[in-house]
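Notes for the one structure printed next.
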2 protein chains.
Amino acid sequence: MSRKTLEQAGICPVATTINLLSSKWKILIMRDLLTGKKRYSELKTSVVGVSQKMLTQSLRELTADEIVDRTVYPEVPPRVEYSLTPLGESMRPVIDAMADWGSEYLATHPQAMPKNEGDQ
Amino acid sequence: MSRKTLEQAGICPVATTINLLSSKWKILIMRDLLTGKKRYSELKTSVVGVSQKMLTQSLRELTADEIVDRTVYPEVPPRVEYSLTPLGESMRPVIDAMADWGSEYLATHPQAMPKNEGDQ
DNA sequence: CGGGATCCTAGCTGATACTG
DNA sequence: CAGTATCAGCTAGGATCCCG
């Protein structure tokens, strides 16, 4: 359950950011939350390929790091909504930069996909 | 040796970027190459905590994806230099955004480090 | 110096079952 | 609905030893 902290976090700004956004799932979750609050089941669908275990774990870590807010509505059936905290919101430029680069890449590299080949 | 490709890469720009910058090591390598070409041993030192295996593997994948250039000087002892390709250079805004966010975070969150505790 | 080859473990996926 | 729990199977990654 423990996360591995880069030794340079706290020294290098890039390492610090990586530390908090440490997995691909977290970044994809951020991408989706940047467009507004989402329910657990919505994220499960929109973050294509994520397992329920990793979604839960990622959300817990993001919440612990105060990047994501978790709101529980005491209803039946229960409803839980996830949204970005101000700190999470402040990461928008980071995700945007990735989106911009990805767009440009897709536009200029026709059907380019990893050259290292092979996977499902 | 195969990399896992996110199903959404090719559709979602963010997923596309993650796919090519798929590990923390690659990002840290990029950070270091953005300041100029580096030798293998220099990277081994500057990318604190990376294992030789992961450094080699990351460099190979970055090279295959044409983000990094690998130049071998046929000398004795051998010398190999790594540098960014134009495509790699174009990722500068992405790394910069991460650096900026990290700097701000470090400045506003005194000695903040992951709350999930424990590692290494 | 710049890796390649091995071994071994932590962590992820996927499936299934259960709960407040 | 939004999880928790568990277990098998695979793989990413760390450690170590070796080589041209």
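Quick note on labels: first sequence line is chain A, next is B, and so on, each numbered from 1. Keep in mind it's a predicted model, so treat the numbers as computed, not measured.
- A straight line from CG of A:Leu28 to P of C:dC12 spans 15 Å, rounded to a whole angstrom.
- Comparing A:Trp25 and A:Pro78 by the nucleotide of DNA chain C that holds the closest heavy atom to each, the one mapping nearer the 5' end is A:Trp25.
- Remark: B:Arg60 is in phosphate contact with C:dG3, judged by side-chain N or O atoms under 4.0 Å from OP1 or OP2.
- Across C:dG3, C:dC1, D:dG3, the shortest atom-to-atom separation from the side chain of B:Arg39 is found for C:dC1.
- The shortest distance between the side-chain N/O atoms of A:Gln57 and the OP1/OP2 oxygens of C:dC12 is below 4.0 Å.
- Proximity note for A:Gln52 (side chain, C-beta onward) versus C:dA5, C:dC12, D:dA5: the nearest is D:dA5.
- Per the geometry, CD belonging to A:Glu81 stands 14 Å off P belonging to D:dC1, to the nearest Å.
- For the pair A:Lys24 NZ and D:dG13 C1', the interatomic distance rounds to 15 Å; values are reported in whole Å.
- Counting only N and O atoms by type, the side chains of B:Thr71 and B:Tyr82 include no donor and acceptor under 3.5 Å apart.
- Rounded to whole angstrom, the span from the CG atom of A:Leu55 across to the P atom of C:dT13 amounts to 11 Å.
- Atoms CG (A:Leu43) and P (D:dA2) sit 10 Å apart, rounded to a whole Å.
- Of all the heavy atoms in B:Lys26 and B:Leu20, the pair that sits closest is CD-O, 3.7 Å.
- Using a 4.0 Å cut-off, no side-chain N or O of A:Thr56 falls inside it from OP1 or OP2 of D:dG3.
- When all heavy atoms of A:Ala15 and A:Ala9 are compared, the pair lying nearest together is CB-N, 3.9 Å.
- Rounding to whole angstrom units, OH of residue A:Tyr82 and P of D:dC1 are separated by 14 Å.
- Atom CG in A:Leu59 sits about 15 Å away from atom C1' in D:dC1, given to the nearest Å.
- Contact annotation for A:Lys53: base contact, defined as any heavy-atom pair under 4.0 Å involving a base atom.
- Put simply, A:Arg79 has no side-chain N or O that comes within less than 4.0 Å of OP1 or OP2 on D:dA2.
- Residue B:Pro77 is the one, among A:Gly49 and B:Pro77, whose nearest nucleotide of DNA chain C lies closer to the 5' end (criterion: closest heavy atom).
- The distance between atom CE of B:Met54 and atom P of D:dA12, rounded to the nearest whole Å, is 9 Å.
- Contact detail for A:Ile27 and B:Val14: the closest heavy-atom pair is CG2-CG1, 3.9 Å.
- For the side chain to side chain donor-acceptor pair (under 3.5 Å) with A:Tyr73, the lone residue among A:Arg39, A:Glu81, A:Arg79 that qualifies is A:Glu81.
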